[in-house]
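Notes for the one structure printed next.
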Amino acid sequence: MNEPYEHYHRLVYLVLHKLNVRKPHEDYLQEAFFIYEACKESFDPSRANFSTYFTNQLTFYFKSLFRKQKFQLSRLSMLSRYDSSFSPDPIMDLISFHDIFHYAALTTFEKSVLRLSLQGCTVGQIALSESVSPATVKRARKAIKEKTKPHLCP
């Protein structure tokens with residue numbers, strides 16, 4: 001456990017290879033360093049080897065990260081007009097959807113649901129913040145989809 005982070009580079013590359021991550025890996029190596037530091041603090045030598053613990057934590061972290069990214073891309077690509085590889089940019093989110101907010105005849109509640117959905121909130125979180133039932137949020141999302149369909153299809 002006294003080995004430096006560089007000693008575990010091969011494990012990081014092995015995890016990235018197992019998860020079919022394409023090069024360049026620089027950003028992922030930086031993320032792995034933060035996971036390594038967190039693992040050093042929380043490691044219990046009586047439970048496992050450090051390399052096993054680090055590998056499992058790293059795999060779990062990257063799988064979670066990729067799952068969140070995939071979910072966000074799939075949700076936002078439905079609202080993208082022509083490009084299915086739409087990548088979310090926090091600065092461009094509301095600007096990109098200006099036409100939808102203003103020309104799709106959405107109610108105030110529907111605009112709020114759409115805005116919270118774009119921020120990554122779940123149905124349950126939206127229902128709590130708006131003080132309505134999850135079924136109401138689902139109906140509003142369905143109405144948003146129907147109202148925005150003519151504005152999104154070419």
Can you tell me how far [atom2] of [Y] sits from [atom1] of [X], rounded to the nearest 0.5 angstrom?
{"X": "Arg115", "Y": "Leu106", "atom1": "CZ", "atom2": "CG", "answer": "10.0 Å"}
{"X": "Arg141", "Y": "Leu114", "atom1": "CZ", "atom2": "CG", "answer": "10.0 Å"}
{"X": "Ser133", "Y": "Arg139", "atom1": "OG", "atom2": "CZ", "answer": "6.0 Å"}
{"X": "Asn56", "Y": "Ile35", "atom1": "CG", "atom2": "CD1", "answer": "12.5 Å"}
{"X": "Ser51", "Y": "Arg10", "atom1": "OG", "atom2": "CZ", "answer": "13.5 Å"}
{"X": "Lys147", "Y": "Thr107", "atom1": "NZ", "atom2": "OG1", "answer": "5.0 Å"}

Next on the checklist: Walk me through whether Gln125 and Leu116 qualify under side-chain contact (heavy atoms from CB on, under 4.5 Å).
Outcome noted: CA-CA 9 Å; Gln125 292 169 334; Leu116 290 169; over 6 Å; no
Checklist entry - Which heavy atom in Glu110 sits nearest to a heavy atom in Ala143, and how many Å separate them? => result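 The pair with the smallest heavy-atom distance is OE2-CB, 3.2 Å.
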Checklist entry - Any idea which heavy atoms bring Tyr5 and Leu29 closest together, and the distance? => result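 Heavy atoms only, the tightest pair is OH-O, 2.7 Å.
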Can you find a heavy atom in the side chain of [X] that is under 4.5 Å from one in the side chain of [Y]?
{"X": "Leu16", "Y": "Phe62", "value": "yes"}
{"X": "Val132", "Y": "Val137", "value": "yes"}
{"X": "Val123", "Y": "Lys138", "value": "yes"}
{"X": "Tyr53", "Y": "Asn49", "value": "no"}
{"X": "Val12", "Y": "Tyr36", "value": "no"}

Taking the side chain from [X] and the backbone from [Y], do they hold a donor-acceptor pair closer than 3.5 Å?
{"X": "Glu41", "Y": "Ala38", "result": "no"}
{"X": "Asp44", "Y": "Ser46", "result": "yes"}
{"X": "Ser112", "Y": "Thr108", "result": "no"}
{"X": "Glu31", "Y": "Tyr28", "result": "no"}

Next on the checklist: Does the plane of the ring in Phe50 sit parallel, tilted or perpendicular to the ring in Phe54? Use 30° and 60° as the thresholds.
Outcome noted: parallel
Next on the checklist: Is there a path of hydrophobic side-chain contacts, each under 4.5 Å between heavy atoms of I/L/V/M/F/W/Y residues, joining Leu128 to Ile126?
Outcome noted: no
Checklist entry - Going hydrophobic residue to hydrophobic residue with side-chain gaps under 4.5 angstrom, can you get from Tyr13 over to Phe60? => result no
Item to check | Tyr8 and Thr55: side chain donor to acceptor below 3.5 Å | outcome: no
Item to check | Phe34 ring center near Tyr61 ring center (under 6.0 Å) | outcome: no
